[in-house]
Amino acid sequence: MPTLLRKLSEEERAMLHDLAKGIFLDGECYAFAIALHRGIGWPIVGLMLADVIRHAAVEHPDGTLYDIRGAVLREELGKPFSIASPYEIRAVAESDLYAAREIKPSAIDLASRMAQTL
């Protein structure tokens, strides 16, 4: 049986994006950052709260940050977490994220599929 691919409608895409934000904005952001890093090679950055990586994203070569929201202004990165700019954003490695907490391979796989779908 052939697999048929079709483009999502804007309504379907918006609904899927809202669902993904609920998973990958605050909870599995490490998995989403790792998936993007592995998929496109951009470096991972962390929004720091003292010595804790409060949120993870990737950085485009032009300096734009990306997470499940898409392109995010540096001044807006901490907004969903009630963290006001200025704040520290620093380069982090996958190993830093793994050291901070458990990240399941299945979460990275889901994040990768979600990013590709959206």
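Just the heavy atoms: all of them, side chains too, but no hydrogens, waters or symmetry mates, feed the values below.
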Flag side-chain contact, heavy atom, 4.5 Å: Met48 against Ile53: yes
Leu47 to Phe81 - nearest heavy-atom pair and separation: CD2-CD1, 4.0 Å
Side-chain heavy-atom pair Leu16, Met114 within 4.5 angstrom cut-off: yes
Nearest heavy atoms of Phe24 and Ala107, plus distance in Å: CE2-O, 3.9 Å
Glu11 atom CD: more than 12 heavy-atom contacts under 6.0 Å: no
Leu77/Arg69 under side chain to side chain contact (heavy atoms under 4.5 Å, CB included): CA gap, chis, key distance, verdict: CA-CA 10 Å; Leu77 190 64; Arg69 295 171 284 179; 3.5 Å; yes
Exceeds 12 heavy-atom contacts within 6.0 angstrom, atom CG of Asp62: yes
Presence of salt bridge, Lys7 and Glu12, under 4.0 angstrom: no
Contacts of type side-chain hydrogen bond (donor to acceptor under 3.5 Å, both in side chains), residue Arg38, not counting sequence neighbours: Glu94, Tyr98
Enclosure of Lys21 NZ (heavy-atom neighbours >12, cutoff 6.0 Å): yes
Closest heavy-atom pair and its distance - Leu25, Asp67: CD1-OD2, 3.9 Å
Nearest non-hydrogen partners of His17 and Ile68, listed with the distance: NE2-O, 2.6 Å
Shared hydrophobic cluster for Ile40 and Tyr66 (ILVMFWY, side-chain gaps under 4.5 Å): yes
Where Arg13 and Leu118 come nearest, the two heavy atoms and their spacing: NE-O, 3.6 Å
Between OG on residue Ser85 and NZ on residue Lys79, distance to nearest 0.5 Å: 12.0 Å
Ile108 backbone acceptor or donor facing Ser112 side chain under 3.5 Å: no
Asp18 side chain to Met15 backbone, donor-acceptor under 3.5 Å: no
Side-chain (Tyr30) to main-chain (Ala57) donor-acceptor, under 3.5 angstrom: no
Non-hydrogen side-chain atoms of Phe32 and Ile23 separated by less than 4.5 Å: no
Salt-bridge criterion met for Arg54 and Glu88 (N-O under 4.0 Å): no
Rounded distance (nearest 0.5 Å) linking atom CG of Leu97 with atom CD1 of Ile34: 5.0 Å
Any side-chain heavy-atom pair of Pro80 and His55 under 4.5 Å: no
Nearest heavy-atom neighbours spanning Val92 and Gly46: CG2-N, 3.9 Å
